[in-house]
Every structure is written in C-alpha cells, then in structure tokens.
Amino acid sequence: MSQETQEATSPCLKRTHYCGDLRLTDAGTPAQLNGWVKRRRDHGGVIFVDLRDRTGITQVVFDPQIDEKAHALADAVRGEFVLNISGTVRERDPGELLFQADAAYQAELADGNLSAAFRALFSDVDRKYTLSEEIEVATRVAGTRWLLTDVENNRTYHIVSEDVGAENGLSIYQGTVNPELDTGEIEVAVDSLNILNTAKTPPFPIEDDIDVAEDIRMRYRFIDLRRPEMQKTLAMRHKAALAARNYMNEQGFLEIETPILMNSTPEGARDVLVPSRHYPGRFYALPQSPQQFKQILMMSGVDRYFQIARCFRDEDTRSDRQLEFTQLDIEMSFAEADDVLEVTEGLMKRIFEEAGGIPVQTPFLRLPYHESIARFGNDKPDTRFGMELTDLSDVMANCDFQVFTRTLESGGQVKAIAAPGGADFSRKDIDDLTAFVATYRAKGLAWVKVTTDGFSSGIVKFFTTEQLEMAQERTGAQPGDIMFFVADKPKVVADALGNLRLHLGKKLNLIDETRYNFLWIVDYPLFEWNEEENRYEPFHHLFTGATEETLPLLKTDPGKVQSQHYDLVCNGYEICSGSVRIHQWDIQQQVFEVLDITPEEVESRFGYFIEALAYGTPPHAGIAPGLDRMVMLMRNEENIREVIAFPKSQQGLCPLTHAPSVVTDAQLEELSIHVDADD
RNA sequence: GGGCUCGUGGCGCAGUUGGUUUAGCGCGCCUGCCUGUCACGCAGGAGGUCGCGGGUUCAAGUCCCGUCGGGCCCGCCA
C-alpha cells in the first residue's frame, strides 16, 4: 500500500473551516479542512470521502479531472486516515434529469402539498422514486429552483423551472443533496491532498448507535471518543462547567483551589490514601470533598467560595457512582438555607439552559424528608410519574392474612402500590417481581388484581371486601390494574416498594423522558440511631447545623433534632447535597457529645478545625452539585461512565492505562511500605 | 464480602436433547472492476478451535468443577 504521506513542502495545517461548518452560502469559496476519514466510496473514476472532525462531516470529492494527483493519492486512503485537503466548496450537482413536468404543477411547490397526479409522475419513472407521505419542499431560488426532500426515503430532487421544448416547464432532477447531513447541500472538490497519517482498521465503527461491548469501547476510548455522541457529551460537559463558572463569578464567588493531598478523616466513606515519603507510615488522603477547607475559607473571610472540585471515595462503584467524580463545590457566609437554595436554583437554571438547552422553572418544590420516604420509599424520588406508596397498616390490622397481621403486631408496616395495566401480568411476571423485591430483603410480594368483576388473587379470601376496596381507593387502582403489597419493617417496605415503583415505572413506560423534575428534599433528621452499635450517627456529616426550633432537643432527645440539610433531586437522582453549618463552638461540642466523640478524639481528628471555629466564624452554608450527574441527566444517560472522558471500570480499574499498577520494590522501599499480597 | 448475568474470527450474533459436516451468519477487512455515491454497487478472497485450566465421555463450543475478565444489583457509599 502506498505510504507516501508527505511532499517536500509541508502542508499548511491551518484550516479555513471545520467539517461541520460549510453551507450552501460558502459555495464557490476555497476551503482547507483537516479530519479523519469516516468513509471512502471509490467509484472507479471519482472517489468520495466523508471527512469528519469534532464538529461534523463534509463530503470531499476526488475527481481526476480536477486534480489527477490528489485522485491517485486518494486511492490509498482508508478509514480513520488523517487528511488535510484543500479545494473549492461547490453546490452539489443537481444530478440526472428524471423527467419533465407541466408548469402548472409549480403552484403545488409553494405549500409542499403535491397532488396525486404530480406524485404519480415520480412513480412512473421508476418504482423506487415513489414519494412517501413525509416530504418537504424548500425554495432555493424563488420562482425557479426548489429542493424536494423525501424524508422517509432519504432522497432529494432538484426541481428547476426552465424551457422545456417550446414552453416553460419543470425539470425534475434526481438530486445529490444528502438531507441527513448539515453540510449535505455542498461538497468540497479537492485539488490537493495530504495524507497526514495512516490508521489501523478500528475495532468498531466510529458512528452513533453502535452495538459494542463497553469494555471494548473503553479499551479503545480514544476511538470511542471520536464518535459524534461522545463529542457532544464532552462539549456539553465543557459548557456546563463554563456556565457554572460564569454564573458563580457573576454572583460574587471566588474560585479557590484546596489541597488534593490532605489528612484522612475516617468518618463516612473510605479515603483514597497516598503514602508519605518523608514520614514513613503516614498517609495523605485525597479529598472526599473539600468540606473542611471550604468551611475554613469562610472562617478566613472569603465570604463566597466555589471550586470545580475533583472528589474521591474509595467505595464500590455503581452505574451512577465512580471512584473519582467532580462537584461544583460552593460555600457562602452570612447565608441561610434559603440563600443557598436560591443561588443553586439560579445555577441549575443557567447550566441546564445554557449547556443542555433545557428550560428550568424556579423556584423548585420542597418536600420534607419523611414525606418523601412515605410517598416514594426514598429521598431521591423520581416524580415524573405517580404510583406512589400508600400505607394500609390501619386497614390491614384486622384482616385474616397472618403475614400482614403478624408483621403489624411486631411493629412493621403494610404498604402498597398500584401498577396500571398490571392485571395482565403473568405468573412469571409476578415471580420475577417477587425476586426483584427480594434483593431488598422483602420476604414476599402480595398482589391483588383489580378487574371489572372484582378482586382476583389467591389471597382475596383473607380480606373483607371493605378492606380491599379501601386498598383500591388509597392506591388509586383502576380495573385492569394490579396492587402490590409489602409487609415488613419500615425500611424494607420503603426499599422494596420504592424500587419496585421505579422498576415498574420504567417497564410500563410511565416516564416522560423529556421532563426534568427538580425537587428539594428538606427537613432531614440530624442524627440516625445505629441499632447495632447502640449510638447516634450523623445523618450527613458532623458539621451540619440544626434548626433553631429543634436545637434545644440536642440535650434531651437528639433523635428529634431536625437538621438544616437539603438535597436537590432531579428525575430520581440526587444532584446536590448541602447544609447550613454549625458555626458556634459550643453547639459543635454538643454534637460531639451526642455522638460520643471524646475530647481527645476531637482534638486529634479535628483540632485545627475546632480551633478555627473559635476565632470568629461567620454563619455559613453551602452545597455541592455533582457535575457528572447533571451532564448525565442532560444527556439522558443512565450510566455515569458515558459522561466521563476516561472512567474507571466497576472494579476500579482504568481500562486504558490499567491503573492501579504494581510499583517497583525501590519505590516501595522509599515509602517504607511492605506489601503483603496474597490476593 | 454476596447474588445474578455475559465471555464463539476485528465487531455484533447463531450454534437445537453432547456426535452433519472442513464451527455458520451479518458488518468490517483485503484484491479487482465501476465518474455521483453518501449503509454505493458487482465479483472474488483472507480471517476463529469457541476466555483460561482441569474433568466426564468412544465423542464437548455444547455437560461438570475451578479460574480469569466485563456488566447489573445488594452490602458499602450521599
């Protein structure tokens, strides 16, 4: 194969346009393009190449009559070769004359409604030209030239009013315009080609809607990222970060970097640790979030801070969780909860509208935590559809179904949801759903179908008609639906039915994918009781403030203290989490006491922080929107890896570089680390 | 730590109750022909031993055990 890539004179790499830029108005102008070969179509005499860069595709034509040398060179071109071409932009050829028609049909072109008679002329030429119902007519030159696009058949026709024999008539040409491409009305006739580089045949095609295993895409991520969809995602992520940066700047926030190497705080998630060379046996930790530093910045008088911060949590991944991720970290002084919510709402509006083109209505609804759990089974509800959970504990207390009554007697609950159209579910469907809820520890899934003839189920006999009618009324079940019941401890009921609701919402297509339902979850408890360890734990983190009304309960009934924490939820994803912080030393001490953290522990773990707190800390509050999840939502992706350029696999490996890697003994020795690696 | 699931030419898949063929198909790839295609077309061709290891059997891609890798989920994590 020809490998001649260079001339003696080096090519000019400065492009005049990107491949997605050119339009009909550019016809006649010279153009120089750089790009990758998406496809080459060799017709023996003339060669077409679809040249791709991050903006789009332009068809370039190698015609021996224009430049014999370029045409000869193009013979060796293959997929993903890197080309530099120059030539002239030209309107695409009107193509071959198909037939001529009476001038009277011209009137029909104005409104795009072609008569049956006109349509028949197309079919008369050849069956394959039969027009579909979906056609569009564009006027190219008023009164004389039109472009007729058959959208469904992806075919174009040029129609020209010109002299046909003695009188004026219409000439219909089979056009060469490609309605699929933004640049489809033009092409570049090449007079000079430089093959800047060759390429091995890629392992999968560089185009959207490919059906390729994810690990192969990840191993060849540099090829995967060339796909238009991925370029779109990268660009959107950039726009989101830019919109955020601009907005925060306009709101008076300073962007400040905080350390990546910091100290380990064993609270919450596992830290990613980095050994210290100077101090054998000591480790830095990568930030789970810049929480303490941003609070210290408030103590430092920064007043308003933000950062596009990389965060690290050494926990197992999920489709919406990575080992490292990016947050728009925000903190503001002299601020109350409402101030943070307002700034955040403005930020969301700005990001979603500027980066995603998605209109956002503010302010957002606010839903108390307990209500969210009660109605949706979790604190990140997808409110794009109904099927809410409903409590039937009171109704079922007197039924004859012992599974329910025993659960209720031991302090459990009976709740239900109604699935629209679920009366059609087969035994197998229901078995699958039972297995589904079992993963959330539910011991069973009771069901009752609602039909026009009444209730139908193996367990109907255990209930009175009134009880079932009450269940139907509360769940809102209609004839044709099915009611699902779970009886268990409240946590299990919430998990099982909450996830079943989501599962069925997707399966039954109840979700409007075009909607973005933003929603604040508020009124969280400050502490959570840990049954096993017989002590309180912070519901969020140690520095979350309490509401003024519930603050006195800190000493008497900590479980009832309400925090000033807030989460922002959109379509079932938590996208921001924040709170008003404790800024008073004595209140912070009380929190430590509730949590049984000894003064010694406080001193060793947060000594610097507590000390800073005592030196005039302003009231402050903050929040941290997750960039990855926002981009994920805007791109309608269900997997966070799709919106990260180089994500880790589920096992925490980098598929491209194979990190983490084994290091040399010399490196380990310098760090005084002895590896005990059996597994 | 656990459950489920997938692993056959470069990619996507098919391989029936273990025995039919030299393990098929589509795409891609290679060669040749073709001046208007845009999923170009036509003709021809190359390429896999079925993730890996072991076992059962006269016989295994097909059954069993183990192991490695990918994904989803529980735990964990906000």
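Each chain gets a letter, A, B and so on, in the order its sequence line appears, and its residues count up from 1.
- A/Ser289 and A/Gln327 share no side-chain donor-acceptor pair at under 3.5 Å.
- The structure places CE of A/Met348 at 7.0 Å from CG of A/Leu328, a figure rounded to the nearest 0.5 Å.
- A/Leu653 comes within 4.0 angstrom of sugar-phosphate atoms only, judged by non-hydrogen atoms across all strands, and of no base.
- Aromatic ring orientation, A/Tyr220 versus A/Phe222: perpendicular (interplanar angle above 60°, classes split at 30° and 60°).
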Provide a list of protein-nucleic acid N or O atom pairs under 3.5 angstrom, restricted to nucleotides 41-49 of chain B.
none

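- The side-chain hydrogen bond (donor to acceptor under 3.5 Å, both in side chains) check on A/Glu638 picks up nothing, with sequence neighbours excluded.
- The phosphate of B/A39 has neither OP1 nor OP2 within less than 4.0 Å of any side-chain N or O from A/Arg41.
- Rounded to the nearest Å, the gap between the C1' atom of B/G26 and that of B/A14 is 11 Å.
- Taking A/Arg313 as the reference, nothing meets the side-chain hydrogen bond (donor to acceptor under 3.5 Å, both in side chains) condition, with sequence neighbours excluded.
- With sequence neighbours excluded, the residues forming a side-chain hydrogen bond (donor to acceptor under 3.5 Å, both in side chains) with A/Asp429 are A/Ser426, listed by chain and number.
- Counting only residues at least two apart or in different chains, ring pair (Phe, Tyr, Trp, His ring centres under 6.0 Å) contacts with residues 561-580 of chain A comprise A/Tyr524-A/His565, A/His540-A/His565.
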Listed pairs, N/O of protein and of nucleotides 5-7 of chain B, under 3.5 Å:
none

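- Which of B/C74, B/C38, B/C77 sits closest to the side chain of A/Ala269 comes down to B/C77.
- Taking atom C1' on both nucleotides, B/G69 is separated from B/G53 by 15 Å, rounded to a whole Å.
- The interatomic distance linking A/Ile521 (CD1) with B/A78 (C1') rounds to 13 Å, in whole Å.
- Within the nucleic acid shown, A/Asn639 comes within 4.0 Å of sugar-phosphate atoms alone, with no base atom in reach, counting heavy atoms only.
- No hydrogens or angles were tested; on distance alone, nothing pairs the side chain of A/Arg78 with the base of B/C30 as donor and acceptor under 3.5 Å.
- Shown here, B/G66 forms a base pair with B/C52; the pair counts as Watson-Crick or G-U wobble because both key distances fall under 3.5 Å.
- In this structure, B/G75 makes no Watson-Crick or G-U wobble pair, since no nucleotide meets both defining distances under 3.5 angstrom.
- In the interface, the side chain of A/Arg90 is paired with the base of B/G36 through a donor and an acceptor atom under 3.5 Å apart.
- One N or O on the side chain of A/Arg92 and one on the backbone of A/Gly184 form a donor-acceptor pair closer than 3.5 Å.
- In this structure, A/Phe539 reaches the bases: a heavy-atom distance under 4.0 Å links it to at least one base atom across the strands shown.
- At a non-hydrogen distance threshold of 4.0 Å, A/Arg313, A/Glu315, A/Asp316, A/Arg318, A/Ser319, A/Arg321 from residues 307-323 of chain A come into contact with RNA chain B.
- If you check B/C38, B/C29, B/C73 against the side chain of A/Thr201, the one that comes closest is B/C29.
- Positionally, the nearest nucleotide of RNA chain B for A/Val61 lies more toward the 5' end than for the other of A/Arg441 and A/Val61.
- Across all their heavy atoms, A/Thr657 and A/Cys654 have their closest contact at OG1-SG, 3.0 Å.
- A straight line from CG of A/Asp495 to P of B/C73 spans 15 Å, rounded to a whole angstrom.
- Using a 4.0 Å heavy-atom distance criterion, A/His540 is classed as a base contact.
- A side-chain donor-acceptor contact under 3.5 Å links A/Lys294 to the backbone of A/Ile330.
- Note on residues 198-209 of chain A: pairs passing salt bridge (Lys or Arg N to Asp or Glu O under 4.0 Å), not counting sequence neighbours, are A/Arg39-A/Glu207.
- Atom CG in A/Asp208 sits roughly 15 Å away from atom C1' in B/A39 (whole-Å rounding).
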Show me the donor-acceptor pairs, under 3.5 Å and distance only, between side chains in residues 646-653 of chain A and residues at least two apart or in other chains.
{"from": "A/Lys648", "atom 1": "NZ", "to": "A/Glu324", "atom 2": "OE2", "distance (Å)": "3.0"}
{"from": "A/Ser649", "atom 1": "OG", "to": "A/Gln651", "atom 2": "N", "distance (Å)": "3.2"}
{"from": "A/Ser649", "atom 1": "OG", "to": "A/Leu653", "atom 2": "N", "distance (Å)": "3.3"}

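- Residues meeting the side chain to side chain contact (heavy atoms under 4.5 Å, CB included) test with A/Gln231, sequence neighbours left out: A/Arg54.
- Between the side chains of A/Asp567 and A/Ser577, at least one donor N or O lies within less than 3.5 Å of an accepting N or O.
- Between B/G48 and B/C6, the two P atoms lie 27 Å apart (nearest whole Å).
- Considering A/Tyr440, A/Phe484, A/Phe436 as possible partners of A/His503, the one that fulfils the ring pair (Phe, Tyr, Trp, His ring centres under 6.0 Å) test is A/Phe436.
- Between A/Arg41 and A/Asp50 a salt bridge is recorded (basic side-chain N to carboxylate O distance below 4.0 Å).
- Within a 6.0 Å sphere centred on NZ of A/Lys491, other residues, nucleotides and ligands contribute 12 heavy atoms or fewer.
- Non-hydrogen atoms lying under 4.0 Å from RNA chain B are contributed by A/Thr176, A/Val177, A/Asn178, all within residues 176-185 of chain A.
- Distance noted for atom P between B/U62 and B/G54: 14 Å (whole Å).
- As the counterpart of B/G26, B/C11 is assigned, both hydrogen-bonding distances of the Watson-Crick or G-U wobble pattern falling under 3.5 Å.
- To the nearest angstrom, C1' of B/G36 lies 15 Å from CZ of A/Arg40.
- For A/Asn499 and B/C74, the shortest distance from a side-chain N or O to OP1 or OP2 is not below 4.0 Å.
- For A/Phe99 and A/Tyr129, the gap between ring centers reaches or exceeds 6.0 Å.
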Handout entry: salt bridge (charged side-chain N to carboxylate O under 4.0 Å, His left out) evaluation trace for A/Lys428 with A/Asp431
Key = CA-CA 5 Å; A/Lys428 169 86 166 63; A/Asp431 284 349; over 6 Å; no
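- Remark: the A/Gln651 side chain and the B/G70 base include no donor-acceptor N/O pair separated by less than 3.5 Å.
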Please list, for nucleotides 9-15 of chain B, all pairs of protein and nucleotide N/O atoms separated by less than 3.5 Å.
{"from": "B/G10", "atom 1": "O2'", "to": "A/Pro203", "atom 2": "O", "distance (Å)": "3.1"}
{"from": "B/C11", "atom 1": "O4'", "to": "A/Pro203", "atom 2": "O", "distance (Å)": "3.0"}
{"from": "B/G12", "atom 1": "OP1", "to": "A/Ala213", "atom 2": "N", "distance (Å)": "2.8"}
{"from": "B/G12", "atom 1": "O2'", "to": "A/Asp211", "atom 2": "OD2", "distance (Å)": "3.3"}

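- Note: CD1 (A/Ile223) to P (B/G28) measures 17 Å, nearest angstrom.
- Residue A/Arg92 contributes atom CZ, which lies 7 Å from atom C1' of B/C38 at whole-angstrom precision.
- When the P atom of B/C72 is taken as reference, atom NE2 of A/His503 falls 17 Å away, rounded to whole Å.
- Between A/Gln65 and the phosphate of B/U35, there is no side-chain N or O to OP1/OP2 separation shorter than 4.0 Å.
- When distances run from any side-chain atom of A/Asp50 to the nucleotides B/C38, B/G36, B/C76, the shortest one goes to B/C38.
- Of the P atoms belonging to B/U35 and B/G45, the separation is 24 Å, rounded to the nearest Å.
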